[in-house]
Structure formats: C-alpha cells, structure tokens
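From a predicted model like this one, the values you see are computed outputs, not experimental measurements. By convention in this document, chain letters (A, B, ...) are assigned in the order of the sequence lines, proteins followed by strands, and residues within each chain are numbered from 1.
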Amino acid sequence: MTATTADAPPPGLRLPRRRGTELVLLVGAVLISVYGYIDVGLARQNAVPGDAVSYGAGLGALALLGHLAVRWRAPYADPLLLPIAVLLNGLGLVLIFRLDLETPRNQAAPTQLVWSALGVALFAAVVLLLRDHRVLQRYAYVSVAAGLALMIVPIFFPAVNGAKIWIRVAGFSFQPGEFAKILLTVFFAAYLAANRNALAHTGRRMWRYQFPTGRVLGPILTIWLVSVGVLVLERDLGTSLLFFGVFVVLLYVATGRTGWIAMGLLLAAAGAAAVGSLEPHVHSRVSDWLHPFASIDAGHGAGQLAQSLFAFAAGGMLGTGLGEGHSALIGFAMKSDFILATFGEELGLVGLTALFLLYALLVARGYRAGLALRDPFGRLLAVGLASLLAIQVFVIAGGVMGLIPLTGMAMPFLAQGGSSVVTNWVIVALLIRISDSARRPDPAAAEPGIIAAMRPGGGPSGASAGPYEEEDTPYRSGYGFGGSKERDR
Amino acid sequence: MNRYIRRASVFGLVLLVALLLNAARIQVFRADAYDANPANRRTALTRYSQPRGNILVDGKPVTGSRDSGGRLRYERTYTEGPLYAAVTGHASQIYGTSLLEHAEDGVLSGTDPRLAPVPLWTDITREQQPGGDVRTTIDVAAQRAAFEGLGGKKGAVAAVEPRTGKILALASTPSYDPNELAGTGRPVTAAWDRLNHGAEQPMLNRALRQTYPPGSAFKVITAAAALDHHKVTGLDAPTRTPDPYILPGTSTRLGNEAGGCANASLRHAFEVSCNTVFARLGVDVGLDGMAGTAENFGFNDAGLRIPSTAARSNFDTDMNDAQLALSAIGQYDTTATPLQMAVVAAAVANDGEVRAPYLVDKVTDADGGTVSTTRQRTLHRAMSRGTARHLQELMTGVVTRGTGSNAAIDGATVGGKTGTAQHGAHNEGTPYAWFISWAERDGARDPAVAVAVVVEDAAANRADISGGGSAAPIARAVMRAALR
C-alpha cells in the first residue's frame with residue numbers, strides 16, 4: 001500500500017466536471033445507434049425503417065435521463081462511462097432488431113428495449129439514491145446472503161438448455177444469478193477492504209509463504225466455495241469462472257500477494273479438471289472447443305461453435321455490412337450468447353476491434369476510478385466491477401471465438417437478456433458513483449494524516465497505510481469489519 | 001494498492017490482446033479455410049441469392065432462373081432440358097453442377113473476378129456481381145437433328161466445324177431433364193436416385209465422357225499413318241495383303257466381312273473396310289508411327305477442355321505386333337470418344353490440321369459486355385496436306401460407292417467411314433455402330449461440318465458392317481442441318 005500516496009490526486013484541486021463532454025458523446029452514441037438501425041433497414045428492405053425516428057427518440061430519451069441523473073447527483077463522474085454504456089446498449093438493440101428479421105415469429109428487440117429502459121431507470125435510481133458508495137460496505141453480509149439466495153433459488157426451477165439459472169413465472173423469465181454478481185462483488189470488496197492487512201501480514205509462515213489464519217480465510221473461502229458449488233450444481237460455468245476470476249483479482253489487489261494468484265490458479269486448475277471429467281455437460285463443452293468441426297467430420301453438419309467461427313471468418317477484415325451476413329445459421333442463442341458472431345460477421349475485424357476497445361475503455365475507466373479513490377472499499381469495488389465486465393467479455397467472446405471452452409454468458413449490454421442488461425446498467429451506475437467520489441474535490445481529504453497517525457494499536461500495516469486511505473473514516477465503526485481486523489491481530 | 005490495481009489492469013490488457021489476436025486469427029488468417037469448409041453454407045446462400053447467368057444457343061437462352069422463395073432462392077430452369085443436357089449439364093442446389101454449368105460456374109454464378117468492373121473496390125464493398133452469360137457454339141438445327149436422330153437409341157453424336165473447331169452439336173441418349181435436379185427437396189433427391197441407378201445412365205455424357213472402341217472408323221487414322229509413312233505407293237496400288245491375315249507372332253487368323261480384300265488396293269480396302277489390309281498396314285507403320293499419328297489426332301490427351309473436360313481417348317503405346325495389328329483396326333485397347341472421332345473426320349476435311357474443339361464462343365457479363373472470347377487454335381497437324389487430300393478422296397468413295405452410301409447428300413460432297421465395334425468378353429456385348437463423316441457444300445470454300453455418330457445397336461447384324469445402316473442416317477441428318 002506504500003505506492004498510493006504518490007498516485008492520489010492532490011487535494012483541493014478544482015477538477016472540471018466534463019458534463020458537456022458527456023452530453024456530446026451521448027449524442028454521438030445515439031446517432032451511431034440510429035445510423036446502424038437505418039443501415040439494417042436499407043440493407044434488408046431497401047427503406048429506412050418506419051420507426052427509426054421513434055427508436056432514436058427512445059434511445060435518446062434514455063440517454064438524456066441517465067445524463068440528467070448524473071448531472072444532478074454525480075457531477076464529477078467520469079464522462080466516458082455513460083456514453084459507452086448507451087452506445088453498447090444501442091448497438092445491441094440494432095443487432096437484435098437485425099436478427100429479429102431472421103426470426104419473424106420471435107421478436108426480441110421490443111422486449112430488449114423495455115429491459116433497457118428498466119435498466120436506465122435503475123441506473124438513474126442508483127445514481128440518485130446512493131449518495132455515497134461506502135454505504136454499501138455496511139450491507140456486506142446482507143448482500144452476500146441475498147446474492148447466495150438469488151443463486152440458489154433457480155435450482156428449484158426446471159433447467160433451461162442444460163443450465164438451472166432461470167426463474168420462469170408466467171412466461172416471464174429472469175436470471176437472478178446476474179444480479180448476484182454485483183452483490184457478491186460488493187461483499188468481496190467490503191470483506192477484503194476490512195481484512196486485507198490481516199490477510200496479507202498475519203498467519204503462519206510455511207516455507208517461503210505466509211498463510212492467513214483460518215479465522216480470516218474461513219468465511220471468505222466458505223462463501224466462495226458455496227457460490228462456486230451452487231454454480232456447478234446449476235451448470236452455469238461461465239458465471240462460476242467469472243466469480244472465481246473477480247475473487248482472485250480482488251484478493252491480489254487487496255493483499256498484493258502473488259501467492260494468492262498462484263493458489264487461485266491451482267484451485268482453478270484442480271476445479272476445472274474435476275468438473276471437466278465429472279460433469280458431462282462441461283466435458284462436452286471442452287471437447288466442442290478442442291474439436292469444433294467434429295460434428296462436420298461425423299457427417300452431422302456444422303455445430304454451433306463451428307457456425308460461429310464460420311460467421312466470424314465470413315466477416316473478414318471489413319465485414320459484410322449490417323444485415324448482409326448469414327449469422328442466422330447459428331440458430332439457437334444467436335441473439336444472446338452468440339450475438340458477437342453477428343457483430344463479427346457484419347462489421348468485420350475492424351468493428352470487432354472497435355467493440356473490444358469500447359469494453360476495454362469502460363474497464364479502464366473503472367480501474368482508473370479505483371486508482372483515484374481513497375477508501376479501500378471503493379477502490380476494491382471499482383476494480384471488482386471493472387474486472388467483472390472484463391472477465392465477462394473475455395469469457396463469452398473467447399468462448400464464441402474458440403479461444404476458450406464456450407460457457408453460456410451474455411455479452412454485456414449487447415446480448416439479448418433482460419437480467420443482464422439491467423445488471424450491467426447497475427454496474428455502470430456504481431462505477432459512475434465511485435468515479436464521482438474519486439474525482440470530487442473532498443474537503444475532508446485535506447487533513448487525512450491526522451487520523452491515520454492516531455490509529456489505535458497501529459502496527460506495521462497501519463504505518464505503511466497512505467494518508468488518503470480511508471480505513472479510518474467516521475464510517476469505520478459502523479462497518480462491522482474493522483473490528484474483526486483488530487481482533488485478529 | 002495502486003501498484004496492484006495497475007498490475008490487475010495489465011491482466012485486463014492481456015485479456016484484450018488475447019481477444020484481438022484471436023479475432024485476427026479467425027477473421028483474417030484462417031478465414032479462407034473456414035469460408036471453404038463444405039459445411040459452411042454461406043457460399044451456397046450467396047450463390048443462390050441471385051438469378052444465375054444463362055447459357056445461350058444461337059443467341060437465345062436455353063436456361064433460366066426461378067425464384068423459389070426459399071433460402072437457396074433461385075433455382076435453375078431449362079427450356080428444353082433433355083435436348084441440351086449433354087451441353088449444359090445440370091445446376092442443382094443439392095448436387096452441384098456438371099458440364100458447362102460446372103466449367104463456367106464462376107461466370108454464371110457471378111463470382112468470376114473478371115465480372116467485377118473495379119476488382120479491388122468490389123472486394124471491399126463485397127458487391128455481388130450478377131451472373132454473366134455463356135454463348136455456346138451449338139447450332140440449334142444440328143443439335144436437334146442429332147438428338148432426334150438418336151431418338152430412343154442409346155448413343156451419342158458430336159459435330160464440329162472443321163476449320164474452326166466449333167462444336168455444332170453434342171448429344172447423348174438416353175438423356176434426362178436437368179430441370180428435375182434443380183432446387184431442393186425430396187423430388188430432387190428422388191430424381192437423382194432414379195437417374196443414377198439403373199443401366200440407362202442418362203446422366204452420362206456419351207459424346208464427351210464415354211469412350212468406345214472405334215472399330216473400322218479408326219482405319220482413317222491407320223490410312224493416314226500408312227500414307228504419311230509411305231507404306232503404300234498409291235491409292236490404287238495393290239497392298240499385297242493375304243486374306244486371311246495371320247497376326248504376327250501368333251496363329252490367329254484375321255478375316256474380313258467383305259469380299260475382295262486379298263491384295264486389295266487401299267481405295268478398295270477403305271471402301272469395303274478390309275480388316276486384313278489395315279491390320280497389316282498398322283504393323284508396317286510400326287508402333288511409334290501409329291501411336292504418333294493417333295496422338296496427333298488427339299488420342300492419349302487427358303487434358304482436353306471444351307471447357308468441360310473430355311475423356312481421354314486411348315491408343316496403347318506399348319504392345320506387340322499382334323496387338324498393334326488389332327489396334328490399327330480400332331480394336332484391342334483402342335478407345336475413343338465420339339468427340340474425338342468427330343475431330344478425326346474434321347482433321348481430314350481441314351486438310352490435316354486438328355483444330356481444338358470448343359463449345360463456348362464468348363462469355364459476357366450481365367449487360368452483354370464481352371468478358372472473354374475463345375481463341376481458335378490448332379492442336380497438331382495430324383497428317384500432311386497431301387495425305388489429307390488422299391483421305392478426302394477415300395472417304396468420299398465410301399459414301400459414293402462403299403459402306404456409307406446412306407450418308408450421301410445432294411448438292412454436297414460427303415466423305416465418311418463406317419465402323420462396327422464388338423466388345424465384351426467374347427464379343428457378345430451389344431455392338432457399337434459408328435459413322436464418322438464430313439460434308440462440304442458444292443462450291444463452298446470450307447467444309448461445313450464433321451460428325452461422329454455412335455449407336456449401341458442391338459439390332460445390328462454382327463456379321464455386317466452396320467455403321468452404314470444405323471449411324472450414317474443420323475450423321476446425314478446432322479450434316480444436312482449444318483449445311484443449311
């Protein structure tokens with residue numbers, strides 16, 4: 001934690017708010033989406049879609065709503081986050097609208113638009129109601145309980161396409177695990193923020209490595225194991241991999257111990273090997289990945305992954321143009337898990353690179369908020385949410401492109417799926433909130449060293465803590481975690 | 001903590017780079033392999049998304065396209081399917097293409113890069129070019145005469161223009177209707193099964209892809225070799241050949257169907273088709289000479305494209321004298337396609353020069369602009385000009401006095417040669433009746449047409465030279481049509 005002091009922004013500096021920049025970028029994002037929408041219409045029906053104006057107005061209204069919420073309650077927020085989210089969501093709607101043309105009896109775009117509206121509403125609600133992200137730290141155990149409950153509930157519902165991750169009530173389906181991602185990340189961040197020193201510096205030393213005491217490690221490992229176990233039971237391995245990745249990243253960032261990464265990778269390898277050999281669903285996914293053309297050689301035609309690879313290949317460098325590809329050949333899940341294939345086929349490597357860079361920019365802004373922030377919980381939450389997006393993009397994009405075994409997961413903002421879109425909007429809302437705190441000139445930060453120096457029982461870790469790390473803010477006593485750290489010592 | 005956040009962000013960067021490299025691998029480096037995968041239906045979807053270009057005969061399309069409204073949208077239609085099946089072949093959504101539909105597929109389907117007005121730009125815009133048209137050299141009247149002449153018989157006709165190599169007729173019976181194979185669905189697969197199973201083999205292009213023992217029709221080549229190698233002193237000089245002739249190195253006696261073959265002149269031997277004389281002449285010329293002449297006529301060439309590939313006509317290059325003697329009368333391992341035998345007749349009519357036969361005159365884009373024109377070319381000189389003159393005389397004699405009198409046409413000079421080839425283990429297969437001929441209108445500068453007809457003739461008397469009976473009238477009808 002020694003390096004933080006130098007990196008923190010100088011206190012009292014008057015930062016530009018950049019809300020105008022955000023508005024301009026938002027206009028651009030909406031215009032690009034509307035252009036894509038018109039392009040699909042021109043390519044497929046030789047006419048501008050009749051509802052292009054209302055579509056543009058709808059997306060514009062959503063963007064404006066988000067912008068006003070940010071302008072009012074998070075004026076210092078990073079100006080890139082909201083426009084990127086709107087652009088990704090808009091492109092997703094264009095792709096789903098385009099794929100709807102292939103399935104006249106199954107129209108997904110209107111539903112997706114409703115979900116997007118709901119997502120933006122939640123976004124606005126979070127930005128307006130959550131005045132300080134540190135409040136979340138208080139609800140760490142509540143959120144983990146809620147998160148686990150959300151993940152467990154679908155087990156009692158019938159499996160859909162091999163995965164028990166859905167709740168289906170009266171034709172309305174919801175994937176509660178999506179929302180659990182945020183809750184668990186909040187918990188990880190809160191717990192690690194409170195216990196990072198104990199994790200990093202206490203415990204038994206074995207050979208060259210130091211192992212934390214069971215009391216520190218126990219709860220977090222238990223919860224992690226439970227979550228992974230639940231996911232294995234539900235056969236939703238993508239989310240399992242996602243939790244695992246976020247957990248390891250946060251553990252590393254919190255403690256700085258590379259040993260954790262080694263141990264994490266070891267656990268991952270062991271878990272993957274065990275699950276891969278025991279679970280036929282996973283086993284088939286791995287063999288599909290290793291031999292995507294096995295079904296062709298067997299004379300059964302191209303499998304889904306092979307079709308996906310064909311779609312990307314057909315796109316080439318510049319793509320076929322929106323509406324001109326044949327990604328409908330992928331068939332099932334072409335609007336959700338495999339939506340990236342349509343993107344790759346119709347917009348080419350150039351478009352795909354731009355898309356990946358958009359995600360990378362979103363993630364980078366999340367990390368940046370983490371770097372600029374002063375309280376460990378906020379930093380870990382920012383890093384955790386950003387990593388959540390990064391790993392999710394990697395897992396699903398790598399899956400449909402044959403880089404890693406395919407696991408069912410939604411491309412953030414792009415893919416069809418209400419729960420996913422809503423969840424991603426909440427993630428962006430939290431990042432906006434955190435980035436606002438990070439960039440907001442904070443009068444309290446002008447005199448941080450005093451409290452740090454007065455830390456009771458300040459051990460070696462307390463001394464090394466930077467003056468801007470708010471382990472000792474007035475919130476501290478209420479967190480319920482700080483105390484455990486003291487006791488463990 | 002900042003250091004670790006930075007390192008975590010580097011991890012994110014590694015993921016990004018991995019995704020981008022993998023995307024480049026799939027979309028650029030491996031793209032061609034994926035595009036070409038037979039299970040990838042994109043090629044088919046694009047291919048059938050627009051009407052196919054047409055095949056033209058005498059400037060009129062004999063093909064069309066029908067919008068099926070299905071995924072593989074445009075289906076091929078044929079105006080007179082069975083008549084032109086041996087020319088066009090078929091274009092099927094399920095079974096691919098054959099013959100001209102196959103050889104000119106790039107132009108017809110619009111993928112040929114020559115169709116693109118600005119090649120590099122269309123690579124970028126991916127604009128699909130409308131299919132171009134293929135103009136054939138087929139003469140409607142000759143083609144119809146050939147097809148109708150063959151009628152219900154099993155056989156084939158090939159007709160070429162001797163001076164140019166243009167193929168005027170290409171017919172094979174029994175034929176089939178390629179309309180039945182266009183499109184998708186159960187009727188198409190049922191038709192395919194029916195056409196491919198059974199003895200009739202309607203989809204076999206007998207004019208181009210089937211080889212038959214040419215029998216006595218091959219004597220044109222043997223005569224050319226003998227004249228070129230000066231193994232006979234003149235057309236009317238006695239050849240001093242015994243009847244029967246004992247095949248060299250054996251005790252096998254080779255006889256004749258016709259009389260007067262002992263010590264016959266070349267003219268008489270040619271007109272009545274003496275086996276003994278030509279067997280001996282073949283041995284006299286020798287293996288190298290015979291093979292050389294046969295190859296100059298186009299035998300042993302597996303690379304002939306018109307642009308559909310023609311089957312290789314065979315004359316063995318490694319045999320003993322007895323086998324050479326039989327080969328010289330078109331038996332043993334000697335086989336030829338009807339097109340090859342038409343080329344033989346054309347070479348005689350064209351004073352010894354073999355012109356490359358071709359079926360496609362011109363390829364145009366959808367707007368009629370020329371994409372390419374076939375250049376006429378000479379393959380070989382098969383014989384000297386003098387020998388060719390002698391052979392013209394001999395072949396004319398066959399029609400005026402000999403076995404080919406059924407081919408005579410008023411107002412034209414016609415030269416021909418009959419042939420009957422027996423085949424099967426003990427010659428019990430249905431005999432093949434051959435007739436090859438050429439015709440030149442009186443007063444015209446150039447011969448108009450050279451024809452080869454082969455008919456599987458169960459009714460033919462084996463002891464007779466039946467080529468003149470069943471094949472010559474068909475050749476006559478084709479020549480008459482071409483002369484008009």
Side-chain angles (χ1 to χ4, degrees), chain A residues 1-4 6-8 196 249 252-256 293 295-296 301-302 306-307 309-321 324-326 329 344 348-349 352-353 356-357 359-360 363-364 367-368 370-371 376 379-380 383 386-387 390-391 393-394 397-398 401-403 466 469, chain B residues 1-50 69-73 93-94 110-111 120-129 184:
Chain A
M1 304 305 124
T2 46
T4 44
D7 298 319
R196 62 199 177 93
V249 167
Y252 172 73
V253 170
T255 64
F293 295 145
S295 66
I296 297 173
Q307 289 287 16
L309 292 175
F310 290 161
F312 282 108
M317 186 61 86
L318 294 172
T320 60
E324 315 256 16
H326 295 290
L329 290 171
L349 181 60
L352 203 58
T353 304
F356 285 150
L357 288 178
Y359 282 118
V363 171
Y367 278 115
R368 198 177 174 77
L371 279 173
R379 313 180 118 208
L380 288 173
V383 170
S387 305
I391 296 171
V393 168
F394 179 78
M401 300 181 80
L403 186 61
E469 305 207 279
Chain B
M1 203 186 266
N2 278 15
R3 200 193 324 162
Y4 308 128
I5 294 180
R6 291 220 164 86
R7 282 188 192 156
S9 67
V10 169
F11 166 68
L13 193 65
V14 168
L15 295 186
L16 174 69
V17 169
L19 283 181
L20 289 178
L21 287 179
N22 186 52
R25 177 181 72 95
I26 295 172
Q27 300 203 270
V28 178
F29 299 108
R30 306 263 348 250
D32 290 342
Y34 287 139
D35 288 344
N37 192 304
N40 192 344
R41 294 183 69 211
R42 280 176 180 71
T43 320
L45 290 173
T46 318
R47 168 190 183 83
Y48 297 113
S49 67
Q50 64 178 6
R71 237 186 191 178
L72 303 177
R73 197 166 157 191
Q93 259 81 340
I94 303 178
T111 55
L120 274 177
W121 176 244
T122 36
D123 278 355
I124 293 170
T125 60
R126 299 202 180 202
E127 195 185 341
Q128 208 182 346
Q129 297 303 318
T184 54

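Of the listed residues (A/Gly315, A/Gly402, A/Ala390, A/Ser295), the one with the most heavy-atom contacts under 4.5 Å to chain B is A/Gly315. Annotation: maximal heavy-atom pairing with chain B below 4.5 Å, among A/Val249, A/Leu329, A/Leu318, occurs at A/Leu329. Contact tally against chain A (heavy-atom pairs below 4.5 Å) for B/Leu45, B/Asp35, B/Thr46, B/Asn40: the top residue is B/Asn40. Each of A/Gly344, A/Ala314, A/Ser387, A/Gly325 has some count of heavy-atom pairs under 4.5 Å with chain B, and the biggest count is that of A/Ala314. In terms of heavy-atom pairs under 4.5 angstrom with chain A, the leader among B/Asn22, B/Val28, B/Asp32 is B/Asn22. Interface remark: of the candidates A/Ala302, A/Ala364, A/Gly319, A/Gly319 forms the most heavy-atom pairs closer than 4.5 Å to chain B.
A distance of 12.0 Å separates CD1 in B/Ile5 from CZ in A/Arg368, rounded to the nearest 0.5 Å. Taking OG1 of B/Thr43 as the reference point, atom CZ of A/Phe310 lies at 9.5 Å (rounded to 0.5 Å).
For A/Glu324, no part lies near chain B; criterion is any non-hydrogen pair under 4.5 Å. Using a 4.5 Å cut-off between heavy atoms, B/Ala18 contacts chain A through both its backbone and its side chain. The contact between A/Ala311 and chain B is made by backbone and side chain atoms together, counting heavy-atom distances below 4.5 Å. B/Phe29 does not touch chain A: none of its heavy atoms, backbone or side chain, sits under 4.5 Å away. Of the two parts of B/Leu15, the backbone and the side chain both hold a non-hydrogen atom closer than 4.5 Å to a non-hydrogen atom of chain A.
Taking the six-membered ring for Trp and the full ring otherwise, B/Tyr34 and A/Phe293 have centroids separated by under 6.0 Å.
In this structure B/Arg7 satisfies the side-chain contact (heavy atoms from CB on, under 4.5 Å) test together with A/Tyr252, B/Arg3, B/Tyr4, sequence neighbours excluded.
Taking all atoms of both residues into account, the shortest heavy-atom contact from B/Ala23 to A/Phe356 is CB-CE1, 4.5 Å. Nearest heavy atom pair, residue A/Leu349 against residue B/Gln27, reads CA-OE1, 3.1 Å. Contact record, B/Ile26 with A/Met401: CD1-O, 2.8 Å, taken as the closest heavy-atom pair. Nearest heavy-atom pair, A/Ala360 versus B/Leu16, reported as atom, atom and distance to 0.1 Å: CB-CD2, 3.8 Å. Residues A/Gly398 and B/Leu19 come closest through the heavy atom pair N-CD2, 3.6 Å.
Heavy atoms from other residues, nucleotides or ligands lying under 6.0 Å from CZ of B/Arg47 number more than 12.
Between A/His326 and B/Arg71 there is no side-chain heavy-atom pair separated by less than 4.5 Å. Contact check for B/Arg30 versus A/Leu309: no side-chain heavy atoms found under the 4.5 Å cut-off. Counting heavy atoms from C-beta outward, B/Arg25 and A/Leu403 have side chains that stay 4.5 Å or more apart.
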